[in-house]
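By convention in this document, chain letters (A, B, ...) are assigned in the order of the sequence lines, proteins followed by strands, and residues within each chain are numbered from 1. These numbers were taken from a predicted model, which means no experiment stands behind them.
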Amino acid sequence: WKRFKEDSADMLRHVQLWRTSIHEVEGRFGNGIRSYFAFLRWLFILNIYIFLLMFVFVCVPTVAFESLVHSGVNISSNSLNGNNVSAECAYNPYDPNAVNSFSQYVIWFFTGQGFMEKTLLFYGYYSNSATTIFSDGFLFYYDIPLAYLMVAFFYFLLTLVLLVRRAGAGLKESLLSNEDRFYTYCNKVFCGWDFCITDDHSAELKHSSLKYELQTDLEEERIRLRQSSRTSKEKWILYTKRFFINLVVVGILVASLVAIFYAAQYALGNGDTFNNNFMLDLIVTYLTSIVITVANFIAPLIFGFLIIYEDYSPAFTIKFTLIRTVFLRLASVVFLYVVVYLQINCKIRPNCTFCEGVELKTYKCWETYLGQEMYKLTIMDFFIVLAVTLFVEFPRKLIVENCSCGLAKWWGQQEFSIPENVLDIVYAQTIGWIGAFYAPLLPVIVVVKFFIFFYLKKLSLTYNCRPATRPYRASRSGTFFYIILLVGFVVAAFPVVVSVAILEPSKDCGPFRGWTTMFYAITASIQTQPGWLQSILWFVGSPGFAIIIGVLLCLALYYFVALRTAHKKMISLLRDQLTLEGKDKQFLLSRVTKLTKELQD
Amino acid sequence: MGSANSHFTKDELQEYSELTFFTKQEVLHVFEKFVELDQDNVNNDKLCRVSMEKVCQMPELKVNPFNDRICRIFSTSQNFDGSLSFEDFLDMMSVFSDQAPKGLKVEYAFKVYDFNEDDLLDAEDIEMVVSRLTGYAGSLKDDEMQQLLKNIMQEADLDNDDQLSYAEFEHVISKSPDFLNSFRIRL
């Protein structure tokens with residue numbers, strides 16, 4: 001029976017997606033790279049969930065109701081608010097009767113404008129109607145704006161729950177393994193080999209992973225020793241170096257944000273001017289994406305180069321580079337969002353006159369424009385990674401292998417840089433989260449992208465890269481990825497929450513047209529509920545309730561902090577007891593040897 | 001199963017199951033495994049000895065880096081060639097089974113790791129253990145090995161004599177959470 005339980009647990013693990021690939025990678029390249037691929041897999045599955053949520057609850061009903069209208073079922077869709085916009089201000093991005101060149105269609109496909117705007121892909125397509133279907137006495141009522149909002153809320157909540165669980169578990173593990181400073185080496189050497197291994201392949205993997213672990217531990221210890229033995233003069237020099245390098249980093253950050261600002265302004269101002277020149281049109285619409293991607297590409301190289309001079313331990317180097325690059329990337333996305341909003345929605349600017357608050361006739365639907373920007377960023381990111389892998393890494397390998405000139409030797413063979421690759425996918429995911437609200441089908445694109453990434457990266461790893469020369473602690477890095485993702489999540493959630501609660505939706509497009517805020521969809525539906533439910537919900541939404549919850553949470557927090565301090569004290573007490581016990585044993589052993597010697601004489 | 005039954009009397013099976021941690025069913029299962037190692041000789045004479053090479057062909061031992069040590073310590077053969085009779089084999093499987101107590105496993109683990117068989121784990125023994133562990137992946141560099149040895153001695157050697165006696169080994173290993181899970185072979 002026990003065997004059956006173990007076998008079934010084993011089998012469940014076997015069924016996990018990409019398990020064999022990840023296992024292979026672990027054996028050849030160590031735990032750190034394995035955690036990257038596991039992270040990619042986790043995100044892939046998360047995106048599938050998000051996509052399914054959006055698809056089932058928003059896209060399918062929209063399509064279904066449209067087709068049902070033509071099929072004679074007793075169905076009626078009513079717009080949830082009666083505001084009508086005058087003809088010249090109406091939102092009409094695409095005229096299906098006009099004749100356009102093929103190249104125009106291609107441009108539209110890549111920039112998300114024209115015919116793409118009128119598809120399910122973008123926010124602007126969805127109607128703000130509530131549909132009722134009568135059939136055989138059944139009344140089926142479906143409110144699309146409410147569904148849209150609730151689905152968005154749910155997928156953010158789902159992501160948050162899964163992420164916090166994962167990050168929390170990893171944090172617990174890493175805390176535990178940090179406490180276990182006892183007997184790490186003895187444990188690894190004497191209990192390292194699993195006697196249950198029966199096949200050759202697993203044995204090889206086990207040998208390499210044991211070797212990596214031992215080397216990692218030894219390397220970390222050496223670095224710790226070196227760090228603690230620095231003289232104070234060395235320390236001062238190091239600190240000044242670090243200070244200047246940090247200044248340079250901040251400077252690079254500010255420079256990229258300024259570049260993004262100018263690019264966004266130019267793109268918005270000149271979107272329509274090069275109608276005849278296909279390439280130029282494409283480049284201008286993609287200008288912001290290009291600038292962001294270039295900045296995101298160059299800056300990490302510079303950071304990676306600079307951090308060598310700061311002389312941190314390998315684990316900290318990776319973390320710190322990650323933090324810096326993450327900051328840059330997320331800041332650029334948020335900055336783009338802010339710039340676009342400020343440009344398009346002109347309530348804030350003093351001289352806007354046209355069409356109920358929208359300055360530029362071409363950008364009547366700012367949500368769709370944002371969705372398009374995210375779409376463009378996703379595509380650009382994908383192509384850049386593809387291009388770098390194919391056109392930089394492969395030739396690099398060919399050159400290094402076949403030509404033995406000085407350049408090849410200096411450049412060296414490619415090493416799989418984990419921080420950068422993790423950041424790539426965190427960035428792609430953050431764009432995906434923001435974009436999912438404004439372009440509901442963007443998660444599909446992200447899913448496909450991650451799928452291709454997995455195999456692309458694995459291929460690149462196997463053929464181009466050599467194992468890392470600086471082994472580092474993997475499990476902590478694994479947790480760290482999820483924490484970085486959590487930061488990305490907060491950065492993604494914040495603009496969306498702000499836009500739902502505060503910003504005014506476009507007047508003529510999307511499921512929230514005509515209302516003062518998007519959140520009104522929920523308040524409108526609350527008003528249709530029975531009285532007692534309404535008063536409960538109003539109470540839940542009121543500040544009083546928030547204050548009560550806040551106070552309770554603070555109390556719980558205080559309790560847990562107190563518990564933690566108590567546990568820490570306990571741990572140090574127990575540790576001291578253990579060392580005392582060891583000393584006792586030593587004493588007894590020496591007595592025993594003395595006595596046996598006396599007996600023998 | 002039928003042919004195996006005819007090899008042992010009821011009393012013998014009873015005795016085996018009392019002396020080891022196995023039930024009678026499991027004893028017969030172990031015998032089947034033993035027969036697979038060297039069909040012809042064992043079918044002729046169940047008390048014969050199977051050479052070490054053939055025992056190490058068993059899938060559970062084939063990839064184990066310590067398979068020769070295991071065979072040697074369980075072998076009761078007069079000419080120290082590591083060959084195992086069925087009783088030796090049964091003994092070995094019993095120690096590695098899940099029902100064996102921790103103390104017994106620790107004792108045998110000590111014997112496995114003690115390459116020069118002097119009842120002490122000195123630097124030489126530990127070096128051998130580490131190089132067997134890293135196996136195909138290549139061994140550690142010299143200075144890494146020295147650093148590792150120093151660390152191990154620091155952790156485990158309580159009386160500072162640069163070698164681990166059985167008591168010191170037992171002290172370290174019994175604290176380890178992984179030992180029971182690693183040190184077993186399931187048939």
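Of the atoms belonging to B/Ile173, it is side-chain heavy atoms, and not backbone ones, that fall under 4.5 Å from chain A. Heavy atoms of B/Tyr113 lying under 4.5 Å from chain A belong exclusively to its side chain. For B/Leu180, no part lies under 4.5 angstrom from a heavy atom of chain A. Contacts of A/Leu218 with chain B are made by both backbone and side-chain atoms, with heavy-atom separations under 4.5 Å.
In summary, the side chains of B/Glu87 and B/Tyr16 do present a donor paired with an acceptor at a separation below 3.5 Å, with no hydrogens or angles considered. Side-chain polar atoms of B/Gln147 and A/Tyr185 form no donor-acceptor pair below 3.5 angstrom. Remark: the B/Thr9 side chain and the B/Asp11 side chain contain no N/O donor-acceptor pair separated by less than 3.5 Å. Side-chain atoms of B/Thr76 and B/Asp88 include a donor-acceptor pair closer than 3.5 Å.
Counting heavy-atom pairs closer than 4.5 Å to chain A, the top residue among B/Leu164, B/Asn151, B/Ile185 is B/Asn151. In terms of heavy-atom pairs under 4.5 angstrom with chain A, the leader among B/Asp98, B/Val130, B/Val172 is B/Val172.
Taking the centre of each ring, B/Phe183 and B/Tyr108 stay at or above the 6.0 Å mark. Aromatic ring centres of B/Phe89 and B/Phe74 lie farther apart than the 6.0 Å criterion allows.
Contact check on A/Arg222 versus A/Glu219 returns a salt bridge, with a Lys/Arg side-chain nitrogen under 4.0 Å from an Asp/Glu carboxylate oxygen.
Close approach to chain A, defined as a heavy atom under 4.5 Å from one of its heavy atoms, is seen in B/Pro59, B/Glu60, B/Val63, B/Asn64, B/Pro65, B/Phe66, B/Ile70 of residues 53-72 of chain B, taken by number.
Note that NZ of B/Lys111 and CG of B/Leu121 are 13.0 Å apart. Values are rounded to the nearest 0.5 Å.
Under the ring-ring contact (aromatic ring centres under 6.0 Å, His included) criterion, B/Tyr166 pairs with B/Phe110, not counting sequence neighbours.
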